[in-house]
> 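Please find one structure pasted underneath; my questions will follow.
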There are 2 protein chains.
Amino acid sequence: MGLVKDKLYQQEDVQLATLAKALAHPARVAIIKFLLKQKACVCRTIVDEIGLAQATISQHLKVLKNAGLIQGTVEGTSVCYCIDYTALQQLLDLFDGLDLTTSEQCC
Amino acid sequence: MGLVKDKLYQQEDVQLATLAKALAHPARVAIIKFLLKQKACVCRTIVDEIGLAQATISQHLKVLKNAGLIQGTVEGTSVCYCIDYTALQQLLDLFDGLDLTTSEQCC
DNA sequence: TCTATTTATCGTAAAATTACGATGAATGGA
DNA sequence: TCCATTCATCGTAATTTTACGATAAATAGA
């Protein structure tokens, strides 16, 4: 999509869509859930947990990282991943902003 | 993805990912927001509002409909679309189920 | 009946996603 | 130093997404 098309959408809509897209795959949802549950969050552990190839998990982690949902810290040969609660909270706030109170069915 | 791979994921994770995927495009977020705001929700109005081709909007509406987020009722030559609050609430519930209280940063 | 309007669907092209093996970089330990 | 482990990235193939024009179906109204 070029520059013109980008102007079609409000920034907030793009934000919400981007965050939703990051969670638009069951593997990434599982990763987020696992990181929420787990304290230790070395990449290798995630690979064992989910059951996909290491390269694939690494790709999913990159998506989550780019969306700001997780962050990683190098620890020796490993990388420790954990939730970025700021972005996750932002996602929830955007959902709250939808305001479902107008629940008058029109059709 | 074949049958074996499907077993990799918990049903709840697939549900959340599917609903998130439906919102993973700014046009669809904009449509949902518009439908929440608007009472009148004829398809033609959405096309004018968003600024994409009619065929493209129809495709996005189909995605939202398949996800259960909206429903459509035929009214003469038009189709009246509106939010399905059940599915939208389900999405919010799934997010609430994530339980962010464990907010102890590990890295 | 004829025409205009609305909407879904088809066909299609371009781009993005997903998955994996292979490889390379970095580190820790023998 | 050498080897094993961990992780990111590259290259690639298959699939999905996205967008649009063209077209067909359905209805409302003249």
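Naming convention: chains lettered A, B, ... in sequence-line order (proteins, then strands); numbering from 1 in each chain.
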> Expressed in angstrom and rounded to an integer, what is the separation of Gln54(A) atom CD from dA22(C) atom C1'?
11 Å
> Could you say whether Ala24(B) or Leu61(A) is positioned toward the 5' end of DNA chain D, judged by the nucleotide with the nearest heavy atom to each?
Leu61(A)
> Heavy-atom distance under 4.5 Å between the side chains of Tyr81(B) and Ile31(B), does that happen here?
no
> Over how many whole Å does the gap from Ile46(B) atom CD1 to dT7(C) atom C1' extend?
12 Å
> Can you tell me whether the side chain of Gln59(B) and the base of dA8(C) have a donor-acceptor pair closer than 3.5 Å?
no
> May I ask you to evaluate whether Tyr81(B) reaches the phosphate of dA8(C), defined as a side-chain N or O under 4.0 Å from OP1 or OP2?
yes
> Using 0.5 Å steps for rounding, measure from the OH atom of Tyr9(B) to the CD1 atom of Ile50(A).
7.5 Å
> Is any side-chain N or O of His60(A) closer than 4.0 Å to OP1 or OP2 of dT17(C)?
no
> Kindly give the heavy-atom pair with the smallest separation between Val63(A) and Ala22(A), and that separation in Å.
CG1-CA, 4.2 Å
> What does Val42(B) touch in the nucleic acid at a heavy-atom separation under 4.0 angstrom: a base, only the sugar-phosphate, or nothing?
sugar-phosphate
> Should Lys62(A) be listed as having a side-chain N or O under 4.0 Å from OP1 or OP2 of dT9(D)?
yes
> Could you tell me the separation between the CD1 atom of Ile50(A) and the P atom of dT18(C), rounded to a whole number of Å?
14 Å
> Could you check whether any side-chain heavy atom of Glu75(B) comes within less than 4.5 Å of a side-chain heavy atom of Val79(B), counting everything from C-beta outward?
no
> Under 4.0 Å from OP1 or OP2 of dA8(C): is there any side-chain N or O of Ser58(B) that close?
yes
> Any side-chain N or O of Thr56(B) under 4.0 Å from OP1/OP2 of dC20(D)?
yes
> Let me know the distance between CD1 of Ile70(B) and P of dA8(C), rounded to the nearest Å.
9 Å
> Closest to the Thr77(A) side chain: dT6(D), dT18(C), dT5(C)?
dT6(D)
> How long is the line joining CG of Leu64(A) and C1' of dT18(C), in whole Å?
14 Å
> Between Gln38(B) and Glu49(B), do the side chains contain a donor N or O and an acceptor N or O under 3.5 Å apart?
no
> Which of these nucleotides, dC20(C), dC7(D), dA19(D), is closest to any side-chain atom of Tyr9(A)?
dA19(D)
> Provide, to the nearest angstrom, the distance between the CD atom belonging to Glu75(B) and the P atom belonging to dA8(C).
13 Å
> Leu23(B) CG to dT17(D) P: how many Å, rounded?
14 Å
> Would you mind telling me which of dA22(C), dC7(D), dA19(C) lies closest to the side-chain atoms of Ala55(A)?
dA22(C)
> So what does Lys21(A) hit on the nucleic acid, given a heavy-atom distance under 4.0 Å: a base, only sugar-phosphate, or nothing?
sugar-phosphate
> For Leu8(B) and dT18(C), give me the distance from atom CG to atom P, rounded to whole Å.
15 Å
